[in-house]
Amino acid sequence: MGMNHDMIGHVYPRSKPYLVTSENISAFVEALGDSNPAYADGIVAPPTFSIVVTMNAMDTAFHDPALQLDYSRLVHSDQKFEYVRPIRVGDELTVSALVEEIKPLGTNEIATFKTDVFSGDELVVTGWSKIVVRGPEA
Amino acid sequence: MTLKISDVFIGQELPTLDLTFTRADLVAYANASGDQNPIHQDEAFAKSVGLPDVIAHGMLTMGRAIRVVTDWVGDPTAVISYSVRMTRPVVVPNTAKGSIVSFTGKVAQINDDGTVQVDLGAVFGDTKVLGLARATVRLAQ
């Protein structure tokens with residue numbers, strides 16, 4: 001059984017606001033092991049920090065029964081970000097997630113989720129996450 | 001020091017970064033990112049789903065790869081787009097030494113609008129762990 005193609009074009013409700021703190025930024029920078037002085041004061045977040053909120057928003061979609069996605073067979077295969085501006089301390093981020101594409105790829109299925117990340121009404125970054133849902137073993 | 005567009009040429013190779021991935025790094029990244037999938041921390045679980053061992057978060061590999069660019073440019077907010085394909089996992093054994101991934105970058109294109117495209121590489125042993133990895137940066141004129 002595959003994913004529900006009727007969900008292509010579906011937009012999930014805006015996620016709950018996530019307040020960016022300098023502690024969140026510093027923990028992320030430290031986990032990356034990134035010593036760039038631009039991050040030292042915990043004000044500007046690294047480019048991939050946005051995954052913290054987009055992954056959360058997609059998790060809601062992944063577990064939506066209407067999507068019929070087998071979470072246990074899911075692999076994150078591609079990630080893209082287009083930045084309007086960097087994420088900064090004090091941003092209150094919300095995410096709008098769109099099911100952009102679902103299509104078969106051999107015995108697997110691939111799906112692309114477009115995630116617009118806002119701070120208030122301002123678009124900050126757009127992400128595209130492609131996932132592969134592995135089909136039954138041959 | 002700020003990198004300027006006049007400092008850049010097509011084919012230019014960025015300094016390579018060899019970065020170590022340890023189990024402690026994966027725990028730190030799981031906590032910082034919220035991705036607590038046990039395949040990144042629990043060896044028995046990882047093996048039960050057919051993996052050779054615990055593997056790094058693909059997003060940790062992506063997050064580290066961009067350092068090739070941001071270390072070079074200086075200002076990380078110069079990055080205006082960044083994309084990768086996570087082709088193979090970085091396997092992380094439970095040793096102090098961990099696993100070393102070699103990150104490379106090369107200037108692929110200088111655009112008319114003054115932005116620069118860098119193609120990135122990430123190799124673990126002899127395995128490419130990222131494919132189609134590229135970042136676009138806006139540099140000072």
Side-chain angles (χ1 to χ4, degrees), chain A residues 18 21 23-40 42-59 62 71-88 110 112 124-132 134 137, chain B residues 1-2 17 19-22 24-37 39 49-51 55-89 98 130-138:
Chain A
Y18 171 99
T21 66
E23 288 77 15
N24 301 147
I25 293 176
S26 297
F28 197 85
V29 168
E30 209 166 295
L32 293 180
D34 198 329
S35 53
N36 192 314
Y39 302 131
I43 289 175
V44 170
T48 59
F49 183 83
S50 34
I51 200 71
V52 175
V53 285
T54 59
M55 200 49 90
N56 234 332
M58 283 189 292
D59 238 23
F62 294 159
Y71 188 73
S72 69
R73 306 186 74 81
L74 174 153
V75 179
H76 185 191
S77 72
D78 294 67
Q79 182 64 42
K80 176 180 175 181
F81 296 112
E82 282 184 6
Y83 304 95
V84 179
R85 67 154 173 86
I87 291 174
R88 293 190 206 100
I110 59 176
T112 304
V124 177
V125 47
T126 299
W128 286 265
S129 303
K130 191 176 281 185
I131 58 150
V132 177
R134 289 176 295 129
E137 316 295 345
Chain B
M1 200 196 90
T2 308
L17 273 181
L19 300 177
T20 301
F21 288 64
T22 66
D25 292 337
L26 305 195
V27 173
Y29 187 79
N31 292 333
S33 70
D35 183 348
Q36 297 285 355
N37 188 324
I39 60 172
V49 295
L51 294 166
I55 61 168
H57 305 73
M59 288 305 305
L60 172 58
T61 309
M62 182 181 187
R64 287 183 161 181
I66 194 66
R67 287 181 54 195
V68 171
V69 175
T70 55
D71 282 5
W72 177 62
V73 175
D75 176 11
T77 71
V79 178
I80 54 175
S81 74
Y82 179 31
S83 55
V84 304
R85 170 162 292 173
M86 294 165 252
T87 48
R88 305 289 304 164
L130 295 179
L132 304 173
R134 82 182 26 149
T136 306
V137 288
R138 187 181 302 284

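This one's a predicted model, so the numbers in the text were calculated from it and none came from an experiment. Sequence lines set the chain letters: A, B, ... in the order given, protein chains first and strands last, and positions in each chain run from 1.
At distances below 3.5 Å, at least one donor-acceptor pair connects side-chain atoms of B/H57 with backbone N or O atoms of B/D35. Between the A/R134 side chain and the A/V75 main chain, no donor and acceptor come within less than 3.5 Å of each other. At distances below 3.5 Å, at least one donor-acceptor pair connects side-chain atoms of A/Y83 with backbone N or O atoms of A/P47.
No other option in B/L19, B/T20, B/V84 has as many heavy-atom pairs under 4.5 Å with chain A as B/V84. Most heavy-atom pairs under 4.5 Å with chain A, from the set B/S81, B/G34, B/G131, B/A28: that is B/S81. The choice from A/E23, A/E82, A/M55 that makes the most heavy-atom pairs within less than 4.5 Å of chain B is A/E82. Between chain B and the residues A/K80, A/R85, A/Q79, A/K130, the most heavy-atom pairs under 4.5 angstrom are made by A/Q79. Taking A/P37, A/S77, A/G127 one by one and counting their heavy-atom pairs under 4.5 Å with chain B, the maximum is reached by A/S77.
Proximity to chain B is limited to the side chain of A/I51, based on heavy atoms less than 4.5 angstrom apart. With a 4.5 angstrom heavy-atom cutoff, A/F49 does not touch chain B via any of its atoms. Heavy atoms of A/D34 lying under 4.5 Å from chain B belong to its backbone as well as its side chain.
A cation-pi geometry, defined here as NZ or CZ lying under 6.0 Å from the six-membered ring centre and within 45° of its normal, holds between B/R64 and B/F21.
For the pair A/F81 and A/W128, the minimum side-chain heavy-atom distance is 4.5 Å or more.
The CG atom of B/N37 sits 12.5 Å away from the NE2 atom of A/H76 when rounded to the nearest 0.5 Å.
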